[in-house]
Number of protein chains: 2
Amino acid sequence: MLDYQHLAILREVDRSGSVTAAAERLNVSQSALSHMIRKVEERYGVKLWLKQGRGLRFTQAGEYLLGLAQRVLPQMEHAERVLTDFAQGRRGALRAGMECHPCQRWLMRLTPRYLAAWPDVDLDVRTAFRFDGVAALLGHEIDLLITPDPVDLPELLFTPVIDYELVLVVHEAHPLARRDWATPPDLLDEVLITVPVGVERLDIYTQFLVPGQCRPRQHRTAETTDLMLQLVAARRGVSVLPDWLVREEGAQLPIRAVRLGKGGINKSINLGVRRGEEGIAYIAGFLSLAQELEVKADPSADWS
Amino acid sequence: MLDYQHLAILREVDRSGSVTAAAERLNVSQSALSHMIRKVEERYGVKLWLKQGRGLRFTQAGEYLLGLAQRVLPQMEHAERVLTDFAQGRRGALRAGMECHPCQRWLMRLTPRYLAAWPDVDLDVRTAFRFDGVAALLGHEIDLLITPDPVDLPELLFTPVIDYELVLVVHEAHPLARRDWATPPDLLDEVLITVPVGVERLDIYTQFLVPGQCRPRQHRTAETTDLMLQLVAARRGVSVLPDWLVREEGAQLPIRAVRLGKGGINKSINLGVRRGEEGIAYIAGFLSLAQELEVKADPSADWS
DNA sequence: AGCATCCATGACTTCTACTCATCGATGTAT
DNA sequence: ATACATCGATGAGTAGAAGTCATGGATGCT
C-alpha cells in the first residue's frame, strides 16, 4: 500500500536534502524513514533513491512519486483543515426549505448578511412549495425549515423569528382603503390576486374567506410579490401580503393596507431545525442572525 | 493523519452501501473499518457518517472526504501501476547525450522505432555538443551516451553499433571525384564545410589535416548536414561526412564521396551506459534495436 | 590519516491495527 | 405481535507492524 506517509517522506527528503534532516523534521528516527522507504521499495521492486556519495539521488521512480506527492499532499492537508472546519461548524452546507412565499421574501433579506458572516458555508435554498417541509427536515433533505406553521415534535425545534400580520392590500382610492378592517363580504366583488398555490395553502381562504363563507368575484395569481403590488396599484384587484413586505416594497405606491377582520390575521415565521443540531455553529449563527433581523424590523411596526 | 486507507474505506462504503459489505471487499473485518473511521472521527472531532436505520448516511464532512477520495485515489492507484512499470523497466526516461553530429543523425533513424516499441519511455535527447559526455553519464545527467570515442572505464559499458567511414564529399565534376583517395594537400585550395564545432573536435583536422600539416583555403560551417550537401552540390566547397549519411541524403545530388587517405578514416558509433544498467529493460531494448539497425544497414555497404 | 556524517541494517521493543465476541438498534418474515 | 436476521458500534485481547537503538560501511572534509 502506497501511503500518505511515504509521499510525505519523499517530499521532506527532497526539501531537506537528506534522510537524517527529513527524519528530524518529521519527528521520527532516521532509521524509521529508511525502513519505511525500504518497505515500499521491496513492495514494488523498485528503488526510490540511491546513495550518491554522502547524500542521495532520487531514481526516476522516486522522482515520479515526488511529483505525485507534490500534487496530492496539498489536497490531503487542505482536507484536514476542512475537517476541523466541519468539526467547529465553520463549514457546512445549510439547506433551507420554505413552505410559503413570505418566508422566501424574508430569507432574501437575511442571505447577504449570512453569506458574509459564514463564508465557508454553502447556502442551498429549496424553493419547492409543494413538498412537506417537516418530512424533508426529518429525512435530512434539508437542514432548516422556514415555515409559518411550527409543529410540535420531539425531534424538531422551532424558533419564531418574526411576527407579522397578513393584510389586505388595496388601491388608495379603493373604498376599503378608509376602513379600519375588512370583512369577508367586502371581497365578494373584488379580484383577488395571490401567489400561485392551492387555496388550501392560502391563509386568506383558510382563515378568512372560508370561515366567512365568501368567495371573491375572481381569483387570479401573480408570480412575484412586486408584481402583485403593481397590479393592486394599477387597480386590477386586491391582494393579501405580510405587513412588512407591503411596507418595504410598496412604500412608493398608491396603495393602502387594511386589517383582515377585527383582530387581523396574525402569523409568524418560524425556523425549524432537527433537535441536537441547533448548536452547530453555522446553524446557530443563522438563528442568531435571524433574531437580530427581527429586532431591527420591530421599531417601525406602527406603519398604519 | 488522514490516510490512503481511510479514503479507500469511504469510497468502498459508498460503493457497497454498507460497512459490512465494504469490509468484505477490502478483506478486513467490519469491526476494523468501524474502528478506523472512529479514529479519524475522534482525531478531527467530526462524524463521517451516522447510523440511519440499519444503514448509514454520510455527513457533510463524510461527503467531502468521499469527494477527495474520488479525486485522489485514482492517482494513487495509477502511481502503483507506474511503480511496477518502473520495476519491470517498462517505463522510464532515457536521456541520451551525443558528442558528434553523425551520432545525432544516426539516433534520428532509430527514434521512431524506439518510441513505437517503448511507448511508456520518455526519450530525452541532449544535443549539447560542448559537454563531456562521459562525465554526464557518470554524473547521471544522461543515461546513454552516443559517441565515436568509447573510453575504458570500469563504471561504463560501451557497445559499438555501427562502423562507418568518414569521407570527403565533392561535386561530381570536381577533379577529386575521380580519385580513389584524397591526400591532405588536395584540400589546400578548397573551401571546407563542416558543422560548427571547434576544429579540435573535427576528425578531418585531428586525423587528416593536422597530421598532414595542411589547412584548407577556407573553412566555413553549416548547421545541418543536408545544407552541407546542398552547398557541395552547388560547388561552394567540399565537406566531410559519414559514408552512410552521404548515401542516404545525397543519393539524388551530383556529388561523389572520396576516401580520406589511403586507408580512409574509419570510425564507429558506440553506445555507452553505466555498468549495471545495461539490463534495464528499456535500455536493453534500445541497445538491441540499435544492433538490428546496424545489421539492416550493412548489406548496402558497398555503395562506392 | 583521522574524523565527522551520511544512509543501511539487524535486533529489540512498543504500540498500533486487527479480530473476535457481543450489544443495541432496526427492518423483516411468520 | 413476536421472533429473527442483519446492521453498525464497541471492548478486550492479540499478532504484527512500525519505531528505536546500536552499529557498520562508505564518503567527504580537514
Side-chain angles (χ1 to χ4, degrees), chain A residues 1-59 61-62 65-66 138-140 154-155 276, chain B residues 1-59 61-62 65-66 138-140 154-155 274-276:
Chain A
M1 279 292 174
L2 193 54
D3 225 350
Y4 176 95
Q5 204 167 184
H6 303 124
L7 296 184
I9 291 173
L10 279 175
R11 183 178 61 173
E12 195 53 50
V13 168
D14 179 58
R15 280 184 186 163
S16 308
S18 81
V19 176
T20 307
E24 195 163 343
R25 295 203 46 165
L26 294 172
N27 296 311
V28 288
S29 66
Q30 167 266 322
S31 172
L33 293 206
S34 252
H35 280 301
M36 283 192 231
I37 294 300
R38 180 186 166 82
K39 198 158 200 178
V40 173
E41 289 176 340
E42 282 171 358
R43 168 91 171 74
Y44 295 100
V46 65
K47 295 290 287 181
L48 297 185
W49 61 53
L50 300 169
K51 284 191 76 161
Q52 170 101 324
R54 199 147 59 156
L56 299 175
R57 201 192 62 254
F58 280 91
T59 62
L65 279 193
L66 179 61
L138 290 172
H140 286 84
E155 299 95 326
Chain B
M1 281 289 177
L2 193 53
D3 225 349
Y4 176 94
Q5 204 166 183
H6 302 124
L7 296 183
I9 291 173
L10 280 175
R11 182 177 63 173
E12 194 53 50
V13 167
D14 179 57
R15 281 184 185 162
S16 307
S18 80
V19 175
T20 307
E24 195 162 344
R25 295 204 47 167
L26 295 171
N27 297 312
V28 288
S29 66
Q30 168 267 319
S31 172
L33 294 205
S34 251
H35 280 300
M36 284 191 228
I37 295 299
R38 180 187 165 81
K39 197 158 198 176
V40 173
E41 289 176 339
E42 282 172 358
R43 168 91 171 73
Y44 294 101
V46 65
K47 296 290 286 182
L48 297 186
W49 60 53
L50 301 168
K51 283 193 74 160
Q52 170 103 322
R54 198 147 59 158
L56 298 174
R57 201 191 62 254
F58 280 90
T59 62
L65 279 193
L66 179 60
L138 289 172
H140 286 85
E155 300 95 324
R274 284 179 292 273
R275 202 174 289 272

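Numbered from 1 within each chain, the chains take letters A, B, ... in sequence-line order.
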How many whole angstroms separate atom CD of Q5(B) from atom C1' of dA17(C)? 8 Å
Nearest to side-chain heavy atoms of K51(A), which nucleotide of dC7(C), dT19(C), dG19(D): dC7(C)
Do the side chains of K47(A) and E41(A) get close enough for a salt bridge, i.e. N-O under 4.0 angstrom? yes
Check the geometry between H35(B) and dT10(D) and answer yes if their rings are stacked (centres below 5.5 Å, planes below 30°), otherwise no. yes
Where do L10(A) and W49(A) land on the side chain to side chain contact (heavy atoms under 4.5 Å, CB included) test, with the steps shown first? CA-CA 10 Å; L10(A) 279 175; W49(A) 61 53; 4.0 Å; yes
Starting at atom CG of N27(A), determine the distance to atom P of dA18(D), rounded to an integer number of angstrom. 18 Å
R43(B) CZ to dA17(C) C1': how many Å, rounded? 17 Å
Would you kindly give the CG-to-C1' distance between L48(B) and dG8(D), to the nearest whole Å? 14 Å
Would you find more than 12 non-hydrogen atoms of other residues, nucleotides or ligands less than 6.0 Å from R57(A) atom CZ? yes
For the residue pair L65(A) and H6(A), establish whether any side-chain heavy-atom pair is separated by less than 4.5 Å. no
Candidates dC7(D), dA17(D), dA8(C) - which lies nearest the side chain of S34(A): dA8(C)
Take atom CG of L56(A) and atom C1' of dG28(D), then tell me their distance rounded to the nearest Å. 15 Å
Rounded to whole angstroms, how far apart are CZ on R38(B) and P on dT10(D)? 4 Å
If you find the nucleotide of DNA chain C closest to K39(B) and the one closest to Q30(B), which residue's nucleotide is nearer the 5' end? K39(B)
DNA chain D nearest-nucleotide lookup for Q52(A) and S29(A): closer to the 5′ end is S29(A)
For the pair made of CG in L33(B) and C1' in dC20(C), what is the distance, rounded to whole Å? 15 Å
Quick note, W49(A) side chain, CB onward, closest among dC18(C), dC7(D), dC7(C) is dC7(C)
Nucleotide nearest S31(B) when distance is taken to its side chain, options dG8(D), dA8(C), dA21(C): dA21(C)
In whole Å, what is the span from the CG atom of D3(A) to the P atom of dA17(D)? 14 Å
Do side-chain atoms of T59(A) reach the backbone of L48(A) as a donor and acceptor pair under 3.5 angstrom? yes
Among dC7(D), dA17(C), dG19(D), which nucleotide has an atom closest to any side-chain atom of S18(B)? dC7(D)
